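For reference, the structure is listed below as structure tokens.
As the structure is a prediction and not an experimental result, all values here were calculated from the model.
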Amino acid sequence: MTSTTTSTSRRKRNRRGPYAGVRHAPIRFTDERGRGCLKVPLDRYGRKYAIVTVRGYQAVQDAGATGAWRLNSNGHGGAYVRTFAAGTVLMPARIIAGAGPRSVVRYVNGDPLDLRPENIVLRKGAAKRADADIVADSVAAGEGGGW
């Protein structure tokens with residue numbers, strides 16, 4: 001066996017584990033305030049999780065965003081939680097906070113994976129979207145997309 005074959009097979013083994021292709025269900029826990037919360041997986045390997053209250057998670061589901069949650073780069077060294085609904089990419093934080101156009105989500109503790117209400121504040125800004133409205137409009141129009 002050559003060193004090239006060894007390194008290639010090792011890379012494949014590290015990249016594809018026993019849970020490759022499997023998206024785990026959210027994990028329930030109680031936070032320091034005694035509220036029911038969920039750790040929502042953001043990858044298939046169980047390395048990254050978003051923290052959200054059960055009520056916040058349900059608000060995202062009720063808005064029609066039932067797709068898997070993912071961690072996406074913003075292209076400038078930051079990353080944010082995203083999900084898909086009605087053929088578009090949405091930010092659960094905007095849905096949870098009820099953000100409308102011209103409002104920007106900010107994270108009090110600086111952690112964009114913490115989507116609990118006390119960590120999300122809205123500020124005036126250049127955002128053009130109202131994610132919850134986008135989902136609601138497309139669901140009403142029958143464009144559910146099967147997410």
Side-chain angles (χ1 to χ4, degrees), residues 4 7-29 31-33 35-147:
T4 306
S7 65
T8 303
S9 63
R10 189 178 306 136
R11 257 186 278 147
K12 286 182 181 177
R13 186 172 52 246
N14 288 340
R15 187 175 66 228
R16 306 276 310 168
Y19 299 109
V22 176
R23 182 69 65 157
H24 300 285
I27 301 166
R28 288 184 169 270
F29 73 99
D31 71 359
E32 62 278 356
R33 293 183 177 198
R35 292 177 300 189
C37 291
L38 297 169
K39 288 173 61 176
V40 182
L42 301 176
D43 64 6
R44 294 178 184 159
Y45 308 105
R47 288 180 269 184
K48 295 284 186 177
Y49 291 91
I51 297 173
V52 63
T53 61
V54 172
R55 179 180 280 173
Y57 185 79
Q58 192 60 49
V60 174
Q61 298 294 306
D62 290 347
T66 57
W69 292 24
R70 290 180 168 74
L71 187 62
N72 283 63
S73 170
N74 68 355
H76 302 286
Y80 299 94
V81 178
R82 312 256 194 220
T83 189
F84 300 94
T88 189
V89 179
L90 304 172
M91 289 182 65
R94 292 185 63 79
I95 296 171
I96 292 167
R102 295 181 185 45
S103 61
V104 178
V105 172
R106 297 288 182 237
Y107 303 95
V108 174
N109 68 6
D111 182 3
L113 304 183
D114 185 352
L115 303 180
R116 292 176 287 183
E118 66 273 5
N119 190 43
I120 300 173
V121 294
L122 297 176
R123 300 283 187 242
K124 288 186 178 185
K128 300 174 186 171
R129 301 170 53 112
D131 288 4
D133 294 337
I134 291 169
V135 174
D137 291 345
S138 64
V139 169
E143 301 171 7
W147 297 103

Going by the rule side chain to side chain contact (heavy atoms under 4.5 Å, CB included), which residues pair with [X] if we only count those two or more places apart in sequence or in a different chain?
{"X": "R106", "value": "V104, V121, R123"}
{"X": "A97", "value": "I120, L122"}
{"X": "E32", "value": "R116"}
{"X": "Q61", "value": "Y57, Q58, T66, W69"}

Return the minimal non-hydrogen interatomic distance between [X] and [Y], and the atom names on each side.
{"X": "G110", "Y": "N119", "answer": "N-OD1, 4.4 Å"}
{"X": "V52", "Y": "L115", "answer": "CG2-O, 4.1 Å"}
{"X": "A85", "Y": "G64", "answer": "CB-O, 3.6 Å"}
{"X": "A93", "Y": "V105", "answer": "CB-CG1, 4.0 Å"}

Q.
Treating T53 as the side-chain partner and C37 as the backbone partner, does any N or O pair qualify as donor plus acceptor under 3.5 Å?
A. no

Q: May I ask you to decide if S103's main-chain N or O and R94's side chain share a donor-acceptor pair within less than 3.5 Å?
A: yes

With a 3.5 Å cut-off and sequence neighbours excluded, list the donor-acceptor pairs that the side chains of residues 75-82 form with protein atoms.
none

Q) Does R55 CZ have over 12 foreign heavy atoms under 6.0 Å away? A) no

Q) Who pairs with R28 by salt bridge (charged side-chain N to carboxylate O under 4.0 Å, His left out), at least two apart in sequence or on another chain? A) none

Q) Can you check whether I51 reaches Y49 side chain to side chain, under 4.5 Å on heavy atoms? A) no

Q) Is there a side-chain contact between N72 and V89, using heavy atoms and a 4.5 Å cut-off? A) no

**Q.** Separation of K39 NZ from I27 CD1 (nearest 0.5 Å)
**A.** 5.0 Å

Q: For the pair L71 and L113, evaluate side chain to side chain contact (heavy atoms under 4.5 Å, CB included) and give the outcome as yes or no after the intermediate values.
A: CA-CA 9 Å; L71 187 62; L113 304 183; 3.4 Å; yes

